[in-house]
Student: 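My questions will all concern the structure given below.
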Amino acid sequence: MGVLKTLWSKLKQAILALKPGRVTLGYPFTPREPEEGFRGLPRVDVNRCIGCGGCAEVCPARCIRVVDTDQTTRVLCFLHERCTFCGRCAEVCPVNAIEMTKEFELSTDDPHEDLVGEYHIWMGPCERCGRCFEAPSALDRLKRTGMRCDEIDAKCAIACPAGVEADSEETKS
Amino acid sequence: MTAEQVTQGLRERIGDALLESEPRGDRRVYMTIDPAEVVAAADELFNKMGGRYVITAATDRREKHGSFLVTHFFSFDDDDLYVILHANVPEDDPRIASITPTIPGAGWAEREMQDLLGVEAVGHPDPRRLVLPDDWPTGVFPLRTDFSSQDKPEASMEGAPQMTAIPEGAVVVPIGPYFPTQHEPESFAVFVDGEVVVGSDYRGFYNHRGIEKLGSSDLTYNQIPFIAERICGICGFVHSCAYCMAVEEAAGIEVPRRADYIRTIFLELERLHSHMLWTGVAGHIIGYDTLFMQTWRMREPLMWLAEQLSGNRKTYGMNIVGGVRRDVDKKDFPKIEKVLADIEREWTALQEAVPGDRTLTARLGNVGVITPEEVRELCSLGPVARGSGDTVDIRVDHPYAAYDELEVSKCVEDGCDTLARTFVRLRETPVAISIIRQCLEQMPEGEIRAEITEEIPPGLQGIAAVEAPRGESFHWVLTGEENRPERWRVRAPTYSNLQAVSTMINGDVLADVPIDIGSLDPCYSCTDRMTVIDRRSGQMRVMTREEMRNSRNR
């Protein structure tokens, strides 16, 4: 009886296994693009970016570095090697400059060379201290996008005291 | 048991040692007791009142309060009540009586407290090092606030734990640190007499990533969900969900109903793919690869569906404090329905075909037995508990997200063996499908995320429990300053379940041990979530011959 039961079970399993036919995809020889809305490699549109650094502030993996290389250039450096593709940077960007692309084939033996995205943003220099800044209004918008919580510290992230009253008092005295 | 009854009972037992009792709604009661009476209180809650022990957390509050906060969590599952038992342990004498002799399931949590915070559990039956690596110096406690997440202590082998005594005449068979059927690092030393297992020892926590430390020292509230999601490689969503719900409870953030429903959909999608994955892996462990191939084939469309809905097949990245980040649109419903219908059809066929197979029943029946009494003592959870007749299912017992409006049937078996645990998971799969369908039907319109305008004040507490595919995933958040928690405690279900392994495998033959362990659906990395390991401290090291010899003969 047990033997019959097992045979019957095996027969059912055979049907289950044969029915779907071949399911293996031809990838990578047949490329397959991810669906709409896929979170792949983030890319920055330098023409839109205002250099506020909001992306760096919210990044859970801490893989975005913001450096001012000279008085008018701010460099956004994305270390994609550590990126977790959460898309928070794109979400909080006040000007929608970051897009989560569909790129996902990122394997490389040299991540430090191949998986670094460097974006040079031209910034207007502050007339007083000479360092770069962006319009305070954009900052305000950013505050609304992330919860306070991810508020940009006007002193450290933006490096420019434009609009910060406390500083001007100090300089007076 | 209501909050008042619990308070009353404890007051009768320990009198004035119950310093404070503050119910919060009907579902939580926060108590502060004198640490001298902690064992009596635990005994009262666990043995007399029949509560379930959840976890212990210790917090370094020396800077502001001059003490360590030791917290034991208990749950009354029939009454939807969590009891939080705080005790302040003075900083100059960080010792508290161990509750492990009363509640065996607390063994690991207290050892962890000793390792990471340096709060000694006095009278612990097995106080060996648990979490910290072998070459961690003694007297350095990584979860204390004066230890920075960047600190790299000098390596020292002084505190390396010794293996438990081997029974007379037994031989040690190592399973791990890398073992073909266990896909994560873990190390069981199984003591065998001939073919029969007579004891075992576990050394794990090889996957520490210092997540709790990062959460309270480096990250911010809204960065943590994405890190939390990476605690587990299979059921990560439960962790980000539980974390967010804990913060929301602490800060009193009202989550829009639609967000609750979306969370529920993803939680159940995750359960579906996790149970299918497990069924396949279980088949693979016992050499039944047809099952492995077929369940994984069925599972794949589910992964594609998750990718379409959330943007990624596994790390959905949906949760954020206050709600979810992406809506599930009406136009996606047909896609979801189709995938569910396909899976349901094939799963029914599988459920009809597989249990009759002798390979399965012969290998799984009557092995890895754990009795209901042992389940209770060791505080096992999820399918392990439900396979032994325990009815704990957080979705029904402590409803969260949208489960209070949904019909969820508990799947309970009483075989107590690996086969029973298999049936629990096989039966839970269609239930998950039905829950998703209910969500799609009942999901209200509206916002998906609460607007958070104010900073979260420090000193608030919130807890959240989510029924992960493996059991209850429990998070406790104590809010802190600088936009991050002061303490974030994570207890993955495998943390409780793994402690039952030595009981389960005792008396089985060696060949059954891999599937016994596998029947927990163990998730070592979830369990290992904490401590900072510094791979660069000292030089790269290869195990010496002496150590190799010791690991065999210790």
Side-chain angles (χ1 to χ4, degrees), chain A residues 1-25 32-40 42 54 56-63 82-92 100-102 104 143-153, chain B residues 214 218-230 253 288 290-291 293-294 297-298 300-301 304-305 307-313 315-318 320-322 325-326 329 332 335 342 346 349-350 352-362 449-456 483-484:
Chain A
M1 198 54 210
V3 181
L4 271 181
K5 206 173 157 197
T6 298
L7 268 180
W8 182 234
S9 156
K10 291 280 180 216
L11 196 70
K12 280 187 187 164
Q13 287 173 47
I15 297 169
L16 193 71
L18 288 172
K19 229 177 177 179
R22 186 177 155 168
V23 291
T24 313
L25 301 176
R32 181 155 183 176
E33 189 161 282
E35 298 280 332
E36 225 31 69
F38 177 77
R39 300 192 308 265
E57 181 79 11
V58 298
C59 179
R62 301 275 171 87
C63 66
R82 284 167 54 184
C83 178
T84 61
F85 309 99
C86 66
R88 276 288 276 165
C89 49
E91 188 183 347
V92 300
M100 300 304 282
T101 63
K102 289 185 182 174
F104 65 94
K143 269 188 194 169
R144 281 207 304 273
T145 315
M147 59 187 259
R148 125 42 214 160
C149 291
D150 305 316
E151 184 180 272
I152 305 302
D153 184 334
Chain B
L214 284 178
D218 290 52
L219 301 168
T220 56
Y221 282 120
N222 264 343
Q223 286 177 335
I224 294 178
F226 303 94
I227 304 295
E229 190 154 33
R230 283 159 177 83
I253 297 164
Y288 182 14
T290 315
L291 189 61
M293 292 293 186
Q294 294 309 317
R297 171 184 59 71
M298 291 176 205
E300 194 54 25
W304 285 93
L305 176 70
E307 184 176 299
Q308 288 168 23
L309 295 177
S310 72
N312 202 308
R313 57 187 270 135
T315 36
Y316 308 142
M318 293 287 281
I320 197 115
V321 174
R325 294 167 68 204
R326 211 185 269 207
D329 205 66
D332 292 326
K335 257 191 284 186
D342 287 350
E346 292 207 284
L350 183 103
E352 281 168 10
V354 165
D357 196 306
R358 270 203 305 194
T359 320
L360 206 70
T361 41
R449 192 164 157 180
E451 181 110 3
I452 297 162
T453 43
E454 309 223 332
E455 215 167 299
I456 297 172
N483 193 28
R484 65 173 65 100

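What you see is a predicted model, and the numbers here were worked out from it, not measured in a lab. No hydrogens, no waters, no symmetry mates; every other heavy atom, side chains included, goes into these values. In the text below, chain A, chain B and the rest are named by the order of the sequence lines, each starting its count at 1.
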Student: Examine whether an atom of B:Leu350 lies under 4.5 Å from a heavy atom of chain A, and if so say whether it belongs to the side chain, the backbone or both; otherwise answer neither.
Tutor: both
Student: With a 4.5 Å limit on heavy-atom distance, are the side chains of B:Glu229 and A:Thr84 in contact?
Tutor: no
Student: Counting only heavy atoms closer than 4.5 Å, note whether B:Gln294 contacts chain A via side chain, backbone, both or neither.
Tutor: side chain
Student: Is A:Arg88 reaching over with its side chain to a backbone N or O of B:Phe226, donor-acceptor style, under 3.5 angstrom?
Tutor: no
Student: How many angstroms lie between CD in A:Gln13 and OH in B:Tyr288, if you round to the nearest 0.5 Å?
Tutor: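 Between A:Gln13 CD and B:Tyr288 OH, I get 3.0 Å after rounding to 0.5 Å.
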Student: Which distance, rounded to the nearest 0.5 Å, do you find between the CG of B:Leu305 and the CD of A:Glu35?
Tutor: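 The distance works out to 9.5 Å.
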Student: Name the region of B:Thr359, side chain, backbone, both or neither, that has any atom closer than 4.5 Å to a heavy atom of chain A.
Tutor: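 Only the side chain of B:Thr359 comes within 4.5 Å of chain A.
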Student: Measuring heavy-atom distances to chain A, does B:Arg358 have an atom under 4.5 Å in its side chain, in its backbone, in both, or in neither?
Tutor: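 When you check distances to chain A, atoms from both the backbone and side chain of B:Arg358 fall under 4.5 Å.
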Student: Could you go through the salt bridge (Lys or Arg N to Asp or Glu O under 4.0 Å) check for B:Arg326 and A:Glu36 one step at a time?
Tutor: CA-CA 13 Å; B:Arg326 211 185 269 207; A:Glu36 225 31 69; over 6 Å; no
Student: Rounded to the nearest 0.5 Å, what separation is found between the NZ atom of A:Lys10 and the OG1 atom of B:Thr290?
Tutor: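 OG1 of B:Thr290 is found 6.5 Å from NZ of A:Lys10.
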Student: Between the side chain of B:Gln223 and the main-chain N/O of A:Glu57, is any donor-acceptor distance below 3.5 Å?
Tutor: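 At least one qualifying donor-acceptor pair exists.
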Student: Is there side-chain contact between A:Leu16 and B:Met298, with at least one heavy-atom pair below 4.5 Å?
Tutor: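 Yes, close enough: below the 4.5 Å cut-off.
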Student: State, with a plain yes or no, whether a side-chain heavy atom of A:Lys12 is found less than 4.5 Å away from one of B:Val354.
Tutor: no
Student: Can you tell me which of B:Ser310, B:Ala353, B:Pro355 forms the most heavy-atom pairs within a distance under 4.5 Å of chain A?
Tutor: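 Ranked by contacts with chain A, first place is B:Ala353.
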Student: Going by heavy atoms in the side chains, are A:Trp8 and B:Glu352 under 4.5 Å from each other?
Tutor: no
Student: Against chain A, label B:Arg313 side chain, backbone, both or neither, depending on which of its atoms sit under 4.5 Å from a heavy atom there.
Tutor: neither
Student: Can you list everything that forms a side chain to side chain contact (heavy atoms under 4.5 Å, CB included) with A:Pro34? Sequence neighbours excluded, please.
Tutor: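 A:Phe38, A:Lys102, A:Phe104, B:Glu307.
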Student: Kindly list each side-chain donor-acceptor pair under 3.5 angstrom involving residues 17-25 of chain A, sequence neighbours excluded, with atom names and distances?
Tutor:
none

